[in-house]
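Below is one structure; the comments refer to it alone.
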Amino acid sequence: MVKNSLHWAHNCTTQHNPPPFQPKGPSILATNLIKSYFDKGLIKEARMLFDEMPERDVVAWTAMIAGYASCNHHARSWVVFCEMMRKSKENPNAFTMSSALKACKGTNSLSCGGLVHGLAIKLGIVGCIYVDNVLLDMYAACCVTMDDAYLVFQEIHEKNDVSWTTLIAGYTHRGDGYTGLQAFKKMLSEESEANAFSISIAVRACASIGSHTCGRQIHASVVKHGFESNIPVMNSILDMYCRCSCLCEANQCFHGMTERNLITWNTLIAGYEKSNSHESLYIFSRMECEGFSPNCFTLSSVMAACANLAVLSCGQQVHGSIVQRGLDGNLALANALLDMYAKCGNIVDSHQIFTEMSLRDLVSWTSMMLGYGSHGYGKEAVELFDEMVMSGIRPDRIVFMAVLSACSHAGLVNEGLSYFKSMIGDYNITPNQEIYGCVVDLLGRAGRVKEAYELIEGMPFKPDESVWGAFLGACKAHRLPNLGKLATKRVLDLGPNVTGTYVMLSNLYAADGKWGEFAKMRKLMRGMGSKKEAGRSWVEVRNQVCSFVVGDKMGAHIEWVYGVLDMLILHMKEEAEYVPPDLHCSTYDVAERT
DNA sequence: ATAGGGTTAG
């Protein structure tokens, strides 16, 4: 009774005569502090303060929801939103909604996002540009198509820069750079001027469709409008040149930048990784000299470069550095590591990384299967594929390619064919040139050349060089020069880039002992002035990678190479009565594919 | 007091 009347008295005084220095209700100070804790990444401190607040209003709740979302703790952000819906007497406002929708986007949860959308309509807070823009973003990120996102976009009465950028990013991030660029052009023609945000994503769109022509145009307008000092804009231009294989321009761009951040370096390192891994590692060392500390992105490109160069000891050093920095829980890095060990010939460590991973994605499984396949463990790769499907991961075209090529190398023809059928029938994946190439290779290696030919004839599109190349390989292996000749004719019909085909055909004649035809073909090739780069092999001797071609007699440290090769041959002989070809004086295989 | 878009890894 006393308590009740006191409570009443308290309410009475605050309502009629509010004391100026003791504001009732939740502390504005505490809410401010929660936000600044999150800004500094002090998540636990923010939570503790929030838990200690005796009263929480919408603003305090929203600060928590927004804080978690901004620190990429999207699931927690959503939990707090749900808690607020149960406990708070106040309704969420537009601020709350946009934060909650950001969390839905972050957890990729369309159902939650739809729920919030419905609630926003019920409470009458759609039409607020902040809410509409993030709704657009959520639908763009969570839906299979852009249809719903575009509906939201159309409904926005006064579209601003953010609406346009979000729309363009929606198309571009799902790989439809073409529509993204169209939207960018529409934005320019309709109302808005380009800003740094829309330019960055438009340049990304150019990169994704491989159009350095469009990219260069936007680069020119960047110079004209004075965006050259904006680092994200310049980073995306740098990335565009790298992805379009314009490494000269990329270099110019990089050196012209007055200010660089870690992403700038990462972009260049990743840009060089595929085409020039040596240079990529050199850029990495320069980056460290200039005082930048590598992160997950840097190290995964560096690891890929080590894998390409097959420098095991280097890769192991980077592995050490990853553990040292506490980054060994990173999924992409673990994927890069297992790929590196496999490509450096160390399938045991590769598999160990795979087993120790607490989380695996499609890339992890694919890399492990490719590793198994290239080491001749076809059966293990097939088992891994089934295990992956059992664990609930839906295979894509690339993982099918991995398992098909593993089957092909291990002679598991019927298994491979059944995966090919399952890919089309169960997963609705239409085979492309590479997949057909794999299946032709699968049949061809097993000597089922006629079936391979029938498969090619039944393809719904024109087979390219890779498909005919696989077929030619089979003709050579099974000594079918006439069929090979026919296949060669078909490749030559395709266009001018055919040096590899001549090499294969000439080797086909050689394998069949038709030295006259062989010589004729080689003469023809010399006349064309074309050169196919010789396939190289390599061994690591005393921490050095020694690379050589078949029949090499004058490479650096060639005596080491032959020493290792002799040792390998000895091992093989002991293992399986293997009879090696005469490696030291191979005459016709100089430019053979490896 | 609380909310928005852009750049890097297979």
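Residue numbers start from 1 in every chain, and the chains themselves are labelled A, B, ... in the order their sequence lines are given, proteins ahead of strands. All values below were derived from every heavy atom in this structure, side-chain atoms included, with hydrogens, water molecules and symmetry-related copies excluded.
- The base of B:dG5 lies outside donor-acceptor range of the side chain of A:Thr166, with no N or O pair under 3.5 Å.
- Within the structure, every side-chain polar atom (N or O) of A:Arg56 is placed at least 4.0 Å from both OP1 and OP2 of B:dT2.
- Within 4.0 Å (heavy atoms only), A:Asn160 reaches at least one base atom of the nucleic acid.
- Residues from residues 68-96 of chain A placing a heavy atom under 4.0 Å of any atom in DNA chain B, listed by number, are A:Asn93, A:Ala94, A:Phe95.
- With hydrogens and angles ignored, a donor-acceptor pair under 3.5 angstrom links the side chain of A:Asp57 to the base of B:dA1.
- Geometrically, A:Arg394 does not engage A:Tyr427 in a cation-pi contact, judged by NZ or CZ lying under 6.0 Å from the ring centre and within 45° of the ring axis.
- Taking the six-membered ring where the residue is Trp, the centroids of A:Phe38 and A:Tyr68 are separated by under 6.0 Å.
- Rounded to whole Å, the distance from CZ on A:Arg260 to P on B:dT7 is 21 Å.
- Between A:Ile34 atom CD1 and B:dA1 atom C1' there is a gap of 10 Å when expressed in whole angstrom units.
- Taking atom NZ on A:Lys159 and atom P on B:dG4, their separation rounds to 22 Å, with Å as the unit.
- Note: CG (A:Leu331) to P (B:dA9) measures 15 Å, nearest angstrom.
- In this structure, the nucleotide among B:dG6, B:dT8, B:dA3 sitting nearest to the side chain of A:Asn266 is B:dT8.
- You'll find that the side chain of A:Thr31 is closest to B:dA1, out of B:dA1, B:dG4, B:dT7.
- Each of B:dA1, B:dG5, B:dG6 was ranked by its minimum atom distance to the side chain of A:Asn195; first place goes to B:dG5.
- The aromatic ring centres of A:Phe153 and A:Trp164 sit less than 6.0 Å apart.
- Distance, A:Phe297 CZ to B:dA9 C1': 6 Å, rounded to whole Å.
- Using a 4.0 Å heavy-atom criterion, one finds that A:Asn330 contacts the bases of the nucleic acid, with or without backbone contacts as well.
- Proximity of the aromatic rings of A:Trp365 and A:Phe385 is defined here by a centroid distance below 6.0 angstrom, and this criterion is not met.
- Using a 4.0 Å cutoff on non-hydrogen atoms, the parts of residues 199-208 of chain A near DNA chain B are A:Ser200, A:Ile201, A:Arg204, ordered by number.
- Counting only N and O atoms by type, the side chains of A:His319 and A:Tyr341 include a donor and acceptor under 3.5 Å apart.
- The backbone N or O of A:Leu338 lies less than 3.5 Å from a partner atom in the side chain of A:Ser350, making a donor-acceptor pair.
- Not a single donor-acceptor pair, N or O on each side, falls under 3.5 Å between the base of B:dA3 and the side chain of A:Ser99.
- The side chain of A:Ala332 sits closest to B:dA9 out of B:dA9, B:dT8, B:dG5.
- Between the C1' atom of B:dT7 and the OH atom of A:Tyr241 lies a distance of 16 Å, rounded to the nearest Å.
- Under the 6.0 Å cut-off for aromatic ring centres, A:His278 and A:Tyr272 do not qualify, their centroids lying 6.0 Å or more apart.
- Regarding A:Met187, its CE atom lies at a distance of 11 Å from the C1' atom of B:dG5, rounded to whole Å.
- Defined by atom type and a distance below 3.5 Å, a donor-acceptor pair is missing between the side-chain atoms of A:Asn133 and A:Thr166.
- For B:dA3, the base is stacked against the aromatic ring of A:Tyr130, per a cut-off of 5.5 Å between centres and 30° between planes.
- Remark: A:Asp148 engages no residue in a side chain to side chain donor-acceptor pair (under 3.5 Å) (not counting sequence neighbours).
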Could you tabulate the donor-acceptor pairs under 3.5 Å formed by side-chain atoms of residues 283-293 of chain A, not counting sequence neighbours?
unit_1	atom_1	unit_2	atom_2	d
A:Ser285	OG	A:Tyr282	O	2.7
A:Ser293	OG	A:Arg325	NH1	3.3

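- When the P atom of B:dT2 is taken as reference, atom NZ of A:Lys35 falls 6 Å away, rounded to whole Å.
- Checked against B:dG4, B:dA3, B:dT7, the side chain of A:Val162 finds its nearest nucleotide in B:dG4.
- Judged as a side chain to side chain donor-acceptor pair (under 3.5 Å), and not counting sequence neighbours, the contacts of A:Asn235 are A:Asn261, A:Thr264.
- Contact annotation for A:Val233: base contact, defined as any heavy-atom pair under 4.0 Å involving a base atom.
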>> Could you walk me through whether A:Glu249 and A:Arg216 satisfy the salt bridge (charged side-chain N to carboxylate O under 4.0 Å, His left out) test, starting with their C-alpha distance in whole Å, then the side-chain angles of each, then the deciding distance to 0.1 Å, before giving a yes or no?
In response: CA-CA 10 Å; A:Glu249 276 102 330; A:Arg216 247 184 227 118; 2.6 Å; yes
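- Listed nucleotides: B:dA3, B:dT8, B:dG5. Nearest to the side chain of A:Ala66: B:dA3.
- With no hydrogens or angles considered, a side-chain donor-acceptor pair links A:Thr179 and A:Asp176 at under 3.5 Å.
- In this structure, A:Ile129 reaches the bases: a heavy-atom distance under 4.0 Å links it to at least one base atom across the strands shown.
- Near DNA chain B, meaning a heavy atom under 4.0 Å from it, residues 100-128 of chain A has A:Lys102, A:Cys128 in order of number.
- Contacts of A:Asn133 with the nucleic acid, taken as non-hydrogen atoms under 4.0 Å apart, include base atoms.
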